[in-house]
Participant: 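Below is the structure I would like to discuss, written out as structure tokens.
Read the numbers this way: they start at 1 and go in the same order the structure lists the ligands and their atoms.
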Amino acid sequence: MEVDQTRLEHEIDTLAAFSDTETPSVTRVVFSEQDAKARAWLETRLLDAGLTVRSDAVGNTFACWQGSKPDLPAVATGSHVDAIPFAGKYDGVVGVLGGLEAIRVLQRTGFKPERSIELIVFTSEEPTRFGLGCLGSRLMSGVLAPDAARKLLDDNGETLDTIRGRAGYSGSLESVRLPQGEYSAFLELHIEQGPILERERVPLGIVTDIAAPASFRILIEGEGGHAGSRLMPGRRDALCAAAEIILAVERSALATGTVDTVATVGICQVHPGAVNSIPSSVLLTVDLRDTDAERRERVQEGIFATSREVAGRRGVSISLESVNADPPAQSSPEVLTALIGACEAEGIGFRKMVSRAYHDSSFMARIAPVAMLFIPCRGGISHRPDEYSSPEDISRGVRVLARTLASLAGHAGKS
Ligand SMILES: [Zn+2]
């Protein structure tokens, strides 16, 4: 497994130059002019590797290396190339250009896949333009309904349909969805975006679980009044109720007994917010994350029940509104086994870990067995111009990815 490190580095640098901000920062928002140029450049790279390239109605791009049994579900790998404002050059890109290099590595060894191997470049993993992350994989997996996608607007008030049409992607959004079983496996190579691998000096992370957030709002309405003339008995102070609820949120996350449940009240808006006025209403926004959907649901229900109890006792009214709930994902045992086997065959150390950020794999997990492979990034830094992964770490990731794709696709020459 010989990775062409020089070429891969050069390609990563070339792709980074398609940016609306100056080097070393990368700004490449989906369907912008720079995004279109980057896609066109990338397509020539994919074609040069002898892959068949097609795109769907939302601009997800598929580059296929046809196997000897093309009717079998393909093995897929991939990630994204859009970048938030003032980002670095590795997030997503390592999974796309590294995925391409993994395919070229296998081609150079003379490997002939039995199942087709496909590289997927997902549209708009970053929420920059439409306020919703993983647009392409959400539609592909059916987590986002086409009707909901059609309501998405960018900051200029333009619809997704208008914008994608202008970028050359037509056809119905309904056609983006892929059936369960379309892929026999999906693997995503990605930078860790956290400090663990570097700190522990482990070259690779094998992701077993991808955590996902749910968020909800709690609106508490009590009774305001003059902070001096309204005596304490009989007050219905919305902020005092909120204080009890905030502590209950913390307690309920701690009570699960696992570090994988995290709950945060990040917003507390107090009305009227004057020093001499009893708070009449408070809006709390809660972010609750977990690797286990059922546990997260139980914690959320517990927080809702406590909130109602506090409200009843304090004579305030309460309304609870769910804002968002993304699915956590578990890696497939078969794909994990293949990844671990590849690490062992390459003699590269690894540790199992949880992805605390969500990725396209979170959604692909709804329609295919998935797993992710993390490589270290300096200081755990991501979404910044100084994001960095070394060529050696990227190469190790590509080698293991290549070997895993080969084992999952099967060798056509084998009798
Ligand atoms: Zn990413």
Side-chain angles (χ1 to χ4, degrees), residues 11-12 15-16 18-19 24-30 32 34-35 38-39 42 58-61 76-102 119-141 143 186-198 204-207 209-213 289 326-329 331 353-365 370-389 393-394 397-398 401:
E11 286 175 337
I12 291 171
L15 186 52
F18 296 107
S19 167
S25 73
V26 181
T27 300
R28 196 164 47 240
V29 177
V30 67
S32 64
Q34 291 299 331
D35 178 56
R39 285 167 183 261
L42 182 58
V58 80
N60 291 313
T61 298
T77 186
S79 196
H80 61 101
V81 296
D82 61 328
I84 66 162
F86 297 96
K89 58 184 176 182
Y90 301 94
D91 174 9
V93 168
V94 161
V96 172
L97 292 177
L100 171 60
E101 177 59 15
L119 178 69
I120 309 179
V121 188
F122 294 98
T123 285
S124 199
E125 194 270 346
E126 303 291 1
T128 314
R129 185 146 194 180
F130 295 105
L132 179 73
C134 297
L135 179 59
S137 51
R138 277 179 201 268
L139 279 165
M140 206 184 281
S141 61
V143 172
F186 175 77
L187 274 160
E188 186 172 4
L189 174 66
H190 206 280
I191 60 168
E192 182 198 346
Q193 303 182 286
I196 297 171
L197 294 174
E198 185 187 57
L204 291 175
I206 291 182
V207 175
D209 298 89
I210 309 172
R289 293 172 189 240
D326 284 332
S331 293
M353 60 196 304
V354 168
S355 172
R356 305 286 168 190
Y358 66 70
H359 297 279
D360 290 308
S361 292
S362 308
F363 300 94
M364 289 306 282
V370 303
M372 290 188 78
L373 185 60
F374 277 176
I375 59 166
C377 58
R378 189 174 62 196
I381 289 165
S382 184
H383 284 189
R384 268 171 46 177
D386 53 343
E387 177 182 271
Y388 178 76
S389 285
D393 280 329
I394 296 172
V398 170
L401 177 61

Participant: Keeping Thr77 on the side-chain end and Gly99 on the backbone end, is there a donor-acceptor pair under 3.5 Å?
Facilitator: no
Participant: May I have all residue pairs that pass salt bridge (Lys or Arg N to Asp or Glu O under 4.0 Å) and include part of residues 119-141, sequence neighbours excluded?
Facilitator: Arg129-Asp154, Arg138-Asp326
Participant: Between Ser141 and Ser137 (side chain of the first, backbone of the second, donor and acceptor by atom type, cut-off under 3.5 Å), is there such a pair?
Facilitator: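 Such a contact is found between Ser141 side chain and Ser137 backbone.
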Participant: Measure from the side-chain N and O atoms of Thr128 to the backbone N and O of Ile84, and report whether any donor-acceptor pair falls under 3.5 Å.
Facilitator: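 Here the side-chain-to-backbone pair does not exist.
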Participant: Return a table of donor-acceptor pairs under 3.5 angstrom between the side chains of residues 371-382 and protein atoms on other chains or two or more places apart.
Facilitator:
from   : atom 1 : to     : atom 2 : distance (Å)
Arg378 : NH2    : Asp386 : O      : 3.3
Ser382 : OG     : Gln193 : NE2    : 2.8
Ser382 : OG     : Glu387 : OE1    : 2.7

Participant: Do any protein N, O or S atoms sit under 2.8 Å from the Zn ion (ligand 1), and which ones are they?
Facilitator: His80 NE2, Asp91 OD1, His190 NE2
Participant: Ser19: which residues meet the side chain to side chain contact (heavy atoms under 4.5 Å, CB included) condition with it, sequence neighbours left out?
Facilitator: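 In terms of side chain to side chain contact (heavy atoms under 4.5 Å, CB included), with neighbours along the sequence ignored, Ser19 is linked to Thr21, Val26, Thr27.
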